[in-house]
Every structure is written in C-alpha cells, then in structure tokens.
There are 2 protein chains.
Amino acid sequence: MDQVNQLQAFKQHVESYVLFNADEWLELEKYLTYIQLKKKDYFVEKGKVCQYFGFIAAGSVRYFNIRNDGEEITNFFSFANELVSSYKSFVKQQPSIIYVQALEDTSLVCISHSNIQKLTEHPLLAHKMERFGRLVAEYYLCCYEDRVQAFITQSPEERYVELLKDGQDVLQRIPQHYVANYLGVTPVSLSRIRKRIFIPAK
Amino acid sequence: MDQVNQLQAFKQHVESYVLFNADEWLELEKYLTYIQLKKKDYFVEKGKVCQYFGFIAAGSVRYFNIRNDGEEITNFFSFANELVSSYKSFVKQQPSIIYVQALEDTSLVCISHSNIQKLTEHPLLAHKMERFGRLVAEYYLCCYEDRVQAFITQSPEERYVELLKDGQDVLQRIPQHYVANYLGVTPVSLSRIRKRIFIPAK
DNA sequence: TTAAAACGTTAACAAAAGATAAGTAATTTA
DNA sequence: TAAATTACTTATCTTTTGTTAACGTTTTAA
C-alpha cells in the first residue's frame, strides 16, 4: 500500500471523529510519519517509551506481555483501520509495560508524541486536535468498559461465544493460543471450551 | 459539606488536569450543577441516559448491573475526589447499561451533557475544556488498561492481594460481596480466598 | 425494640480451569 | 526438502471455582 492510499485511509478514519477542511489537512499532513513494520517487528517494546500513536492502514498487531516464566500473554489485537499505541506509555511518556508487535507486514500512519504536543498548541489545529484526542480516548474507554464488563459478568465460555459472533474473520487470522489469553484462559482450556461448544454431549 | 467547599475540591481536582485563571473559573462556574444524593439514591439508572458527569466532593458510589436472575453485579467504585458517570451512556447519550448508586450520602459537582457541549464551543473555555475532556478520558483509559491487564495476567487471589495493598481503606467501607464481584468471583469464593491468605496452611 | 433482611463463613458436591505431558498436524526455516 | 519449531488437541491429575444450603451475626427498618 502506497503512502497516498495510506493517507486516504487515515483521513477517512480521522474524519469519523472530527472534520478537517483542506487547508487544515495540508497543515496536519506535515506532522505525520509513515512507518512500515515487517511481520514480528515491534511497534513498542516493554521498558521503552512509546513514541508514536499509529493508525493501521494495512496489517494487524498484537499487544502482549511476557511473564516471569517466559510465557507470552496476549492482551489485545488491532487491525486495519484501527488505531494502535501502548496508550498509557504514550500518554504519560513512561516505559511501556507491554510489547506491541506486527502479526503480519503492517503499514502505519503515525504521529509522534512531540508532534501531538505541537498540534495541541497549534493555532490552526489545536481545538480540533484536542477534540480528536478526547474522542479517541473515549472510544477506547468504551471498548475497555465492555471488556471489563465481560470479565465480570461472563464465563470464559460465554466470552468465547460472544467473540465468535462478532469476530469470525478476526479469529481465523489469529493463532488460537493468543485468543485464549485474550479471553483470560489457558490455551488448553480454550481447546476444551471449543470441544464443549462444537461437539455437545450426547 | 457546603457548596463553597465542594467547589473548592472540584477546582483542585480540575486543576490537576488543566489550569484555569480566575476569569475562566467565574465563567465555568455558571455551568455547574450541585447534586446531593442520599445513600442508595441513583446517580444513573439502567435504561436511562446519563445526563451528568460528576465530581464526588464527598461520599462514594457503586457501579452495578442486575443479572437476569436478579443478582446485582458490582463493576466498580468511585470515592471522594474522583469523577463519576456512566461514561458510555454520557458520551454517546444512549441508555445506560449500568446503575450508579450512592454507597453513602454523597455530594456531587456536576456538568450536564448539554453544558459540556456549550463549554466545548465556548469562545473563552473551549480549548481548555477539550483538553480537560481528553485528559480525563485518558486517565480513565489508563485505569481500565490496568484492570483488563489484571484480569488477564492475575488469578482472583492475586487480584485480591493487589487490592489489599493499595485499597485497605476502601475495602473496609465496602460490603465484601461487592468486592467479590469487582474481582470477578463469587462472594463464597472470596471468603475462601481470604481464609487461604489469612490462615496459611500449617 | 423486635422482626426481617442482609452479611460473611463454612460445608458438600459438581463443574471448570490450571499444570503437565504426550502425541499429531501444520508451519517455518535452514 | 528435511529438520526443527510451533500449534492444537487430548488425557490425567490437582486445584480452584461455582452452586446450594445451612448457620450465626450484624444491620436495617417497621
């Protein structure tokens, strides 16, 4: 995917939050950074400060942690036309507690933290950029609200069934043990859940 | 607690995000609503649109859900000097999926949704209000990020031990079965966890 | 103040999940 | 392409959790 198309996709996504006119876009474009990740490249590594806030024009990423025993624990995924960052690390400019890694070759349109600072002080763009930042945070906040709600009110099996409903395409692209972590269970347990669901007891 | 003190506490909290000068405060104050809740009064009810975004000057609230079988499931708590709203409902102006109820008599400094709209278009205050909104959303997003992380990487027992560390005072004020829900386990299970922790096997 | 309701603990049993290991299939990569 | 690695399932055993019910205590409300 070339930069023109990446920018196009980025614009479309941003405008689902806030509308910018042509002049504003010309100015905003100066602050964008294009980043290409190959499969397994890191967008952020644990212990390092997340420098960019990214939009996935193409590809996908996985957010994970490494336990003391070396096991990788997957928290989350982001796909094309979604945003990506180690949010807390980016916002607070503190070392990330997670890794964010490309699941496949991935094209990103990014804004660095220092450019975000400049944009939120920019005479022409400040107001809309603040609003954009707020709406993005609110969007993800609502996602997390749902996710916490699910952990509290649903069993792992129910969470998996729910995920099957609105994430068929997603599930097919992701190794199952990553999904298991995402649901908060072990891969072995997810395998049993699948067995229970697909081959009901006679 | 009288309104002067409530406003004082509110100002202090807001200024931990964004600084407003005296003139700005005088203007902003026009948009505030003071709400008193008696114990067990609702701040928001399920199915109704959350009209206010509130700051708890004194008191505390509990966020909960009612399951099909009538059981109440507690999601979250907010205490004095914290913000409260059914975030998703307030932001999207759609019916709340949860109840928010006062755990004790509670004094709130609130801004209505329509006033938030006016403030984010206000010639004097817009920029700072947008920033305030963004920083608040980011703050809560980080809280949720931690909470989801805890569900994925920790056992209920570990989550409880963690909660004991930084929430001693909180735990003493809240019925234990509310805490159990918050941790994602049943009250019976939390009782067993407590037994395991406090009376270690000989 | 007394009766009713709500709380927390414990017990007993069933269901589910974790840990470990083994075995097969699929994918990677040298 | 062959060897190595990774992924998924299955089995066994242990631990934890859920469910239901009982019991004494505390709190609430009539």
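Predicted model, so just to flag it, every value in this text is computed and none were measured. So you know, we letter chains A, B, ... as the sequences are listed, proteins then strands, and number each from 1.
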Visitor: Using a 6.0 Å distance limit plus a 45 degree cone around the ring axis, check whether B/Arg147 lies over the aromatic ring of A/Phe151.
Guide: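 No, a cation-pi geometry is absent between B/Arg147 and A/Phe151.
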
Visitor: Rounded to the nearest Å, what distance is computed from the CZ atom of residue B/Phe151 to the P atom of nucleotide D/dT17?
Guide: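 Checked: the CZ to P distance equals 13 Å.
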
Visitor: Compare side-chain N and O positions of A/Lys39 against OP1 and OP2 of C/dT27 and report whether any pair is under 4.0 Å apart.
Guide: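 Checking C/dT27 against A/Lys39, no side-chain N or O comes under 4.0 Å of OP1 or OP2.
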
Visitor: When you check the phosphate oxygens OP1 and OP2 of C/dT9, does a side-chain N or O of B/Arg196 lie under 4.0 Å from one of them?
Guide: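 So the side chain of B/Arg196 is outside the cut-off, no N or O lying under 4.0 Å from OP1 or OP2 of C/dT9.
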
Visitor: Which is more 5' along DNA chain C, the nucleotide nearest A/Pro156 or the one nearest A/Val188? Just name the residue.
Guide: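 This one resolves to A/Pro156.
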
Visitor: Which nucleotide in the set D/dA11, D/dG18, C/dG18 lies at the smallest distance from any side-chain heavy atom of A/Lys195?
Guide: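 Closest nucleotide among those given: D/dA11.
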
Visitor: Give the rounded distance in Å between these two atoms: CG of B/Leu183 and C1' of D/dT16.
Guide: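 Going from B/Leu183 (CG) to D/dT16 (C1'), I get 15 Å.
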
Visitor: Round to a whole Å and report the spacing from CD of B/Glu71 to C1' of D/dT19.
Guide: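 Distance, rounded to whole Å: 11 Å.
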
Visitor: Quickly work out the B/Glu157 CD to D/dT17 P distance and round it to whole Å.
Guide: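 Spelled out: CD on B/Glu157 to P on D/dT17 is 7 Å.
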
Visitor: B/Ile193 has an atom CD1; how far is it from atom P of D/dG18, in whole Å?
Guide: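 My rounded result for the distance is 8 Å.
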
Visitor: Rounded to the nearest angstrom, tell me the gap between atom CD1 in A/Ile197 and atom C1' in C/dA16.
Guide: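 About 13 Å, once rounded to whole Å.
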
Visitor: Considering only NZ, NE, NH1 and NH2 on the basic side and carboxylate oxygens on the acidic side, decide whether A/Lys11 and A/Glu15 come within less than 4.0 Å.
Guide: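 A salt bridge is absent here (no side-chain N lies under 4.0 Å from a carboxylate O).
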
Visitor: Answer yes when A/Arg131 and B/Glu121 have at least one side-chain N-carboxylate O distance shorter than 4.0 Å, and no when they do not.
Guide: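 Salt bridge flag = yes for B/Glu121 with A/Arg131.
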
Visitor: Less than 4.0 angstrom between a side-chain N/O of B/Ser189 and OP1 or OP2 of D/dG18, yes or no?
Guide: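 Yes, because at least one side-chain N or O of B/Ser189 sits under 4.0 Å from OP1 or OP2 of D/dG18.
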
Visitor: Any side-chain heavy atom of B/His13 sitting closer than 4.5 Å to one from B/Phe10?
Guide: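 Side-chain contact under 4.5 Å: no.
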
Visitor: Could you tell me the separation between the CZ atom of B/Arg194 and the C1' atom of D/dT17, rounded to a whole number of Å?
Guide: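 Atom-to-atom, B/Arg194 to D/dT17, this comes out as 17 Å.
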
Visitor: Is the cationic atom of A/Lys118 (NZ for Lys, CZ for Arg) positioned less than 6.0 Å from the six-membered ring centroid of A/Tyr31 and within 45 degrees of its normal?
Guide: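 Judged by the rule (NZ or CZ under 6.0 Å from the ring centre, within 45° of its axis), A/Lys118 is not positioned above A/Tyr31.
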
Visitor: Do any side-chain nitrogens or oxygens of B/Arg192 fall under 4.0 Å of OP1 or OP2 in C/dT9?
Guide: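 Answer no for this pair, as no side-chain N or O of B/Arg192 is under 4.0 Å from OP1 or OP2.
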
Visitor: Flag this pair as yes if the NZ/CZ of A/Arg62 is under 6.0 angstrom from the six-membered ring centre of A/Tyr178 and inside a 45 degree cone about the axis; otherwise no.
Guide: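 Verdict for A/Tyr178: a cation-pi partner in A/Arg62.
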
Visitor: Any side-chain N or O of B/Thr186 less than 4.0 Å from the OP1 or OP2 oxygen of D/dT17?
Guide: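 It does not, given that no N or O in the side chain of B/Thr186 lies less than 4.0 Å from OP1 or OP2 of D/dT17.
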
Visitor: Salt-bridge test for A/Lys39 and A/Glu104: reply yes if a basic N is under 4.0 Å from a carboxylate O, no otherwise.
Guide: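 Salt bridge: no.
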
Visitor: So if I take residues 173-181 of chain B and measure heavy-atom distances to DNA chain C, which residues fall below 4.0 Å?
Guide: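 Only B/Pro175, B/Gln176, B/His177 qualify.
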
Visitor: Check the distance between D/dC8's P and A/Tyr160's OH and give it to me in whole angstrom.
Guide: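 That distance rounds to 10 Å.
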
